[in-house]
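Values reported hereafter were calculated over all heavy atoms of this structure, with side chains retained and with hydrogens, waters and symmetry mates removed.
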Amino acid sequence: MKRWIEQRISRQVLTVFYVLIALITLTSLGTYFYTQQAIRETTIELERISEQRSRATDLFETWQSMQYEMRGHVLLGDDALLGEVKRAQTRIDDQTSWFEQNSETNEETTFAEDARLLFTIYTTRVMPGLERYVVAKTNGEVDEPFLQMATVGQLMPKNATSTQTRFKLNSKSAADMSASIVDMESVFTDYRSELDFQETGLREELSEQLAKAQWIWLLILLGALFILFVSLQPYIVRLTKQLQALITNSERLAVDPHATLIPIKPLQNEVGQLSKSFTEMSSSLIHQHTELEKEREKTARILHMMRDAIVFVEVDTNQRFANEALFELYEQPFPFGDRQSLYPIDAFYEPFMDQIDDQDGLNRFTHRAKNCGIFDETFTYSMQGGRRIIRMYAEPIELQDERFGVMFVSRDITKEIEIDRLKTELVATVSHELRTPLTSILGFTELLEHRHVDEEKRKRYLSMIHSETTRLERLVSNLLDVQKMEAGKAEQDFKVESLFELLSDVLEIHAGSTELHAFHFDCDETLRVSGDPAQLRQVFSNILNNAIKYSPDGGNVAVNVSCEDDVIRIAIEDEGMGVAPADAERLFEKFYRVQNEQSRNIGGTGLGLAICKEIIESHGGTISVRSELGNGTTMMVELPIVA
């Protein structure tokens with residue numbers, strides 16, 4: 001039964017209501033019956049007292065009537081009045097008998113006894129005396145103008161009532177006789193006064209009982225309410241506590257989906273069902289939020305792993321969010337420690353824009369995408385003074401068929417453009433470098449084949465063919481070397497070699513190829529390096545070849561080797577034409593050649609120094625250039641010392 005009631009709040013409320021109604025009803029009924037009983041008993045008593053008073057009044061009036069009739073008979077001697085006295089005497093006897101039979105209290109018993117005694121005294125002494133007085137006066141035995149009680153007293157018979165002590169009938173004088181009769185008659189007056197006093201007391205008692213009944217009803221009602229409150233208070237506390245816990249948990253979940261919730265033991269009623277549903281809902285929400293967080297983090301990590309820079313702009317708020325690649329694109333330190341979401345970049349927007357060369361053009365492109373919905377075009381812009389080229393395109397982000405934001409994707413195409421340039425230069429260089437020697441070879445071959453030339457010219461033509469063939473071989477070798485290096489397939493055989501011997505061999509070969517240059521060599525014979533001998537010879541041979549080639553008027557070529565901080569520094573210096581600083585910065589780029597008249601006349605592929613740089617860096621060293629236009633060039637190679 002208790003469990004059935006606790007399953008519904010409505011049942012509990014109705015149960016409380018019914019219990020309260022029952023308590024009030026029982027209390028009211030109890031008070032009503034108690035009051036009715038008190039009223040009934042008091043009413044009966046009042047009715048009895050009223051009847052006593054009525055009968056006492058009738059008795060007193062009959063008594064008075066009998067006395068008046070008796071006095072009339074004495075004064076007038078009328079026998080008819082004596083008959084009335086006899087009838088009154090009978091009524092008094094009956095009335096007195098009623099009091100004797102219905103006396104319940106001591107006062108009523110005393111009144112009945114006093115009334116009977118008075119009646120007996122009057123009928124046995126006073127009335128016979130008065131009758132004798134009338135007879136004596138009629139017979140002339142008494143001759144008095146007025147009735148003398150003393151005379152009547154002498155005529156009264158002597159009987160047992162004379163011995164009573166309750167009432168004294170003095171007959172010495174008329175005054176004494178009257179006073180005695182008055183004393184006897186005061187019994188009626190005193191009794192009626194006592195009845196009035198009792199009636200007043202009963203009415204006051206009835207009022208007190210009614211007031212007492214009201215207080216009893218009020219106290220019982222308050223007690224019932226108190227018992228009801230004490231009984232309901234634990235339940236209300238549990239109910240309120242559970243509702244408060246639900247409110248607190250709701251507030252915590254609203255702030256933090258992973259907040260620690262207050263444990264709730266569900267009740268058996270609707271609030272318990274609500275608590276159970278809330279617990280299930282919160283668990284589901286936490287699980288869904290966790291899954292959403294995982295999906296969001298997965299999406300964010302995917303976006304962060306992309307090499308393209310992404311900027312997401314919300315249409316309504318104009319807030320900007322980006323991935324990590326954007327900071328790399330603008331060469332800015334990454335200020336965040338995780339990759340769980342895209343990062344707000346409003347604080348970094350101005351520093352980013354400062355690096356863009358064409359800000360107005362970029363703003364027009366983003367405006368068309370965000371405000372006009374134009375997404376079928378791309379925008380290419382430069383940044384950092386043209387050092388880098390960026391291509392951007394925009395895509396709409398829609399939620400429920402409504403555009404929520406725009407995603408701008410930026411890609412650094414500097415290398416792609418550089419590759420295109422290199423391809424163009426490769427085609428131009430290869431076509432030029434191949435066509436020139438092939439043309440020479442083809443021409444000299446045709447001369448030797450179709451014409452008769454003397455021995456001197458034949459040797460010179462063969463020498464030219466050999467030179468152009470060597471040139472072709474060098475071009476093909478350089479191209480193959482570049483391809484191997486870019487593909488990571490260049491094979492290296494590291495050995496510890498004497499640097500002095502390696503440089504001596506290279507210098508000896510190049511010294512024999514020119515008569516216009518004087519070579520100077522300074523190197524400690526004990527220095528040793530670790531590396532691939534063939535590749536190192538290729539590097540120094542290439543540098544010395546450039547020193548000779550780009551100083552066509554001859555001059556000194558110095559090779560100086562020094563050691564500093566565990567590094568071997570090889571400086572190869574010529575007195576040739578030199579290059580401008582702007583060109584010097586790009587000498588190690590593939591296919592880059594100085595664009596001036598002298599360089600174009602000399603020729604070359606622009607691959608030699610690029611190959612040298614790849615080889616030296618693979619050996620853990622560095623290569624740099626120091627040059628001034630018209631004042632020669634110094635190539636600096638640094639390699640680690642071998643102990």
Side-chain angles (χ1 to χ4, degrees), residues 52-103 106-144 146-194:
Q52 290 279 343
R53 184 173 58 247
S54 177
R55 288 183 177 273
T57 300
D58 292 341
L59 177 60
F60 181 73
E61 289 176 353
T62 305
W63 178 264
Q64 291 290 336
S65 176
M66 184 185 70
Q67 286 184 318
Y68 291 152
E69 298 295 335
M70 191 64 197
R71 289 176 183 175
H73 172 70
V74 172
L75 294 176
L76 300 177
D78 188 355
D79 292 336
L81 294 175
L82 183 59
E84 292 294 331
V85 170
K86 295 299 184 179
R87 285 191 291 274
Q89 183 179 353
T90 302
R91 290 199 300 276
I92 291 173
D93 181 62
D94 294 338
Q95 291 172 345
T96 303
S97 298
W98 184 89
F99 279 104
E100 290 174 341
Q101 295 171 2
N102 295 280
S103 297
N106 293 332
E107 291 80 4
E108 293 174 357
T109 302
T110 301
F111 173 75
E113 292 176 353
D114 290 346
R116 174 61 66 183
L117 182 59
L118 286 174
F119 178 72
T120 301
I121 292 173
Y122 191 83
T123 55
T124 58
R125 296 193 62 196
V126 177
M127 285 183 62
L130 291 175
E131 289 176 0
R132 290 176 183 179
Y133 179 81
V134 171
V135 172
K137 189 174 182 180
T138 301
N139 295 330
E141 296 178 359
V142 176
D143 184 13
E144 295 177 349
F146 298 100
L147 177 63
Q148 298 293 327
M149 294 305 296
T151 304
V152 175
Q154 293 176 358
L155 296 176
M156 289 181 183
K158 305 295 183 181
N159 53 29
T161 60
S162 60
T163 61
Q164 59 85 24
T165 59
R166 177 70 176 82
F167 300 105
K168 296 297 184 179
L169 185 62
N170 297 321
S171 58
K172 294 181 179 181
S173 64
D176 293 338
M177 189 67 176
S178 297
S180 298
I181 293 174
V182 169
D183 290 339
M184 289 187 292
E185 291 178 352
S186 65
V187 170
F188 297 101
T189 303
D190 294 342
Y191 182 64
R192 284 190 299 177
S193 298
E194 177 64 23

I'd like to check the salt bridge (Lys or Arg N to Asp or Glu O under 4.0 Å) partners of Arg87; sequence neighbours left out, ordered by chain and number. Glu84
Rounded at 0.5 Å granularity, tell me how far CE in Met70 sits from OG1 in Thr123. 11.0 Å
To the nearest 0.5 Å, what is the distance between OG1 (Thr96) and CZ (Arg91)? 12.0 Å
Pair Leu82-Glu69, side chain to side chain contact (heavy atoms under 4.5 Å, CB included): steps then yes or no: CA-CA 7 Å; Leu82 183 59; Glu69 298 295 335; over 6 Å; no
Under the side chain to side chain contact (heavy atoms under 4.5 Å, CB included) test, which residues partner Ala112, sequence neighbours left out? Phe99, Glu100, Ser103
Using the test salt bridge (Lys or Arg N to Asp or Glu O under 4.0 Å), find all partners of Glu61 that sit at least two apart in sequence or belong to another chain. none
Quick one: list whatever passes salt bridge (Lys or Arg N to Asp or Glu O under 4.0 Å) with Asp93, sequence neighbours left out. Arg116
For Gln89, give me all partners under side-chain hydrogen bond (donor to acceptor under 3.5 Å, both in side chains), at least two apart in sequence or on another chain. none
Out of curiosity, Ile121 CD1 to Leu117 CG, how far, rounded to the nearest 0.5 Å? 4.0 Å
Going from CZ on Arg55 to CG on Asp94, what distance comes out if it is rounded to the nearest 0.5 angstrom? 10.5 Å
Nearest-0.5 Å distance, CG of residue Asp58 to CD of residue Gln95: 6.0 Å
With side chain to side chain contact (heavy atoms under 4.5 Å, CB included) as the test, would you mind laying out the steps for Phe111 and Leu59 before giving the verdict? CA-CA 12 Å; Phe111 173 75; Leu59 177 60; 4.1 Å; yes
Heavy-atom pair of closest approach, residues Phe119 and Ile92: CD1-CG2, 3.1 Å
